[in-house]
Number of protein chains: 2
Amino acid sequence: VTIELGAGREFDLIRQLRERWGTLAVGLGDDAAVITPVRGERMVLSTDTSLEHVHFEREWLSLAEIGYRATTAALSDLAAMAATPRGVLVSVQLTPHDVPRIIELADGIADAVRAAGTVILGGNLSRGDVLGLTMTVIGGAFAPLGRHGARPGDMLYVTGALGGPAAALRALTSGETPPAAVRARFARPAARIVEARWLAARGAIACVDISDGLAADAGHLAAANDAALEIAIDRIPVFAGVGVDDALAGGEEYELLLAARAPLPHAEFAERFGVALTAIGRVAESGKDVRLMRDGKRVAAPPGHDHFSR
Amino acid sequence: VTIELGAGREFDLIRQLRERWGTLAVGLGDDAAVITPVRGERMVLSTDTSLEHVHFEREWLSLAEIGYRATTAALSDLAAMAATPRGVLVSVQLTPHDVPRIIELADGIADAVRAAGTVILGGNLSRGDVLGLTMTVIGGAFAPLGRHGARPGDMLYVTGALGGPAAALRALTSGETPPAAVRARFARPAARIVEARWLAARGAIACVDISDGLAADAGHLAAANDAALEIAIDRIPVFAGVGVDDALAGGEEYELLLAARAPLPHAEFAERFGVALTAIGRVAESGKDVRLMRDGKRVAAPPGHDHFSR
């Protein structure tokens, strides 16, 4: 059902978006969106904000990339729960400068929504002094994966190769141009949605997406399970041309850190998805922290990504 | 399930919020929130943003009021759909100045969540140059009400008395102090959640919440139903001490505008909820606009609230 809107500049913008998004936008125009759950499925919800001057500078990214990244970051939380996306709510604050270029932003959002096989359910537009996006995602899962459930002896895995976004961000904040491949990891991240469901069906027990950095997110997994995590620093898959420090401390990866009781089929995973799945450590017998190991000895951890400490 | 978080200033703040909210906050700490739908219910979702310098100035309201209003504004969209709230996702951008006072904001959010009989499911914290809240609400409804379904001959009703928030806002933007009752309508609005469900069960067919102003939201209802709406300007319930222009053009009321095929039980409604329900007009035979009528003649409409035109 397409619901017509009354007059006004704000509604003209919404009409513009709806026209551009076409069948990707479902029923925009009511006070709220409506979805029908698959019987027996639980609903999984998350929200994520991406703000100019806090999470990005517009010199670093095109408007389409800003939209794509913000949407993918939110969708990654559904991946972490092994949920199937059912829709996205798009809340945008626009500066007057952005209004004439709203279609570029809309196209980036649409790309990420399409890549996740989902739809746009609605949202909110407002003026602002900076460009900002708050993306809310809703998914369905019969058995959401969550962070807890790991126990001593479990193996730890990560998807992909880490550190690209952190290296890109470091270059960009220093006014340098990152290598194209490194920049692409920052500008066009992937949410591991189908990968997570595939792994959940093959024995993954607990999962977190690496949005705060491997060290920090491993800390969350350790805290959630009241367990220590041992990570072999030499096993961490590092993105080509990037250092292991970036792989540990860098955030906004949108790769997954998983615990599994038995080995996961990493070769089959790599073949099917074209993405590495690497065993990087294990859940230890006691403790509640993250231990970085090299040659069987503990080494010091760099601090993770934290919005309020930098 | 309470899920522990790892170290970091951001997570310290989340821990502070979780402690303050107690049992009102359910399962914060996973990558996403999980809810189990009531079998057969559809899920209703909406998101709403409240930004400093755009939607409010902090001189006008306490932090608790800012939190309460933003939450109620979002919950009002569930009321408009006659949905039962199932939870709220709280996305906050904080200035450094707000961090030590986050509990005041949290208490206002909690009041609104409690008033709606729902819970806090999760959210997002980030830094910002201005204070901003994006509240996402999820509800359940077997038959969501929506904007469409009205047809010629239907009667139009509004809940409450209109114009208070607009009058308050006009005073505040002029640096004046609004009368206490008028200010309270702005600072402590109510979302008509139980009222909407009661009316939907008694013949309300289409509904919109009056967030953009009666004239503008009537325009949405007209457009959604491809019908003209005739509103008798003398029948509009106006808040004590306020003019009818504020009742027509003012937004952020969070009262409801409803269409019904047969008369709604307004006396029983008023008795049960302590809120007026007033017949203000009807859906006309033809056209697609809003017609303000006085003594059977059309009068001109003032423009509604529009973020991008003022």
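Throughout, protein chains are lettered first and strands after them, A, B, ... in sequence-line order, and every chain is numbered starting at 1.
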Filtered by a 4.5 Å non-hydrogen cutoff, the part of residues 136-145 of chain B contacting chain A is B/Thr136, B/Ile138, B/Pro144

Within 6.0 Å of CZ in A/Arg291, more than 12 heavy atoms from elsewhere: yes

Please check if the number of heavy atoms outside B/Glu19 that lie under 6.0 Å from its CD is greater than 12. no

I'd like to verify something: which residue of A/Asp209, A/Asn225, A/Asp289 has the highest number of heavy-atom pairs under 4.5 Å with chain B? A/Asp209

Sequence neighbours excluded - salt bridge (Lys or Arg N to Asp or Glu O under 4.0 Å) pairs with any residue from residues 88-103 of chain A: A/Arg58-A/Asp98, A/Arg101-A/Glu104

Pairs flagged by salt bridge (Lys or Arg N to Asp or Glu O under 4.0 Å) wherever residues 131-146 of chain A is involved - sequence neighbours left out: none

Can you name the closest pair of heavy atoms from [X] and [Y] and give their distance?
X        : Y        : value
B/Val54  : A/Arg127 : CG2-O, 3.3 Å
B/Met81  : A/Val34  : CE-CG2, 3.5 Å
A/Thr134 : B/Ser91  : CG2-OG, 3.8 Å

Among residues 38-51 of chain A, which residues come closer than 4.5 Å to chain B, judged by heavy atom distances? A/Arg39, A/Glu41, A/Arg42, A/Met43, A/Val44, A/Leu45, A/Ser46, A/Thr47, A/Asp48, A/Thr49, A/Leu51

For the interface with chain A, which of B/Gly132, B/Pro96, B/Gly146 has the highest count of heavy-atom pairs at distances below 4.5 Å? B/Gly146

Report the option among B/Asp226, B/Asn124, B/Thr36 that has the most heavy-atom pairs separated by less than 4.5 Å from atoms of chain A. B/Asn124

Any side-chain heavy atom of B/Gln93 within less than 4.5 Å of one from A/Gln93? yes

Atom group of B/Asp217 that falls short of 4.5 Å from chain A, counting heavy atoms: neither

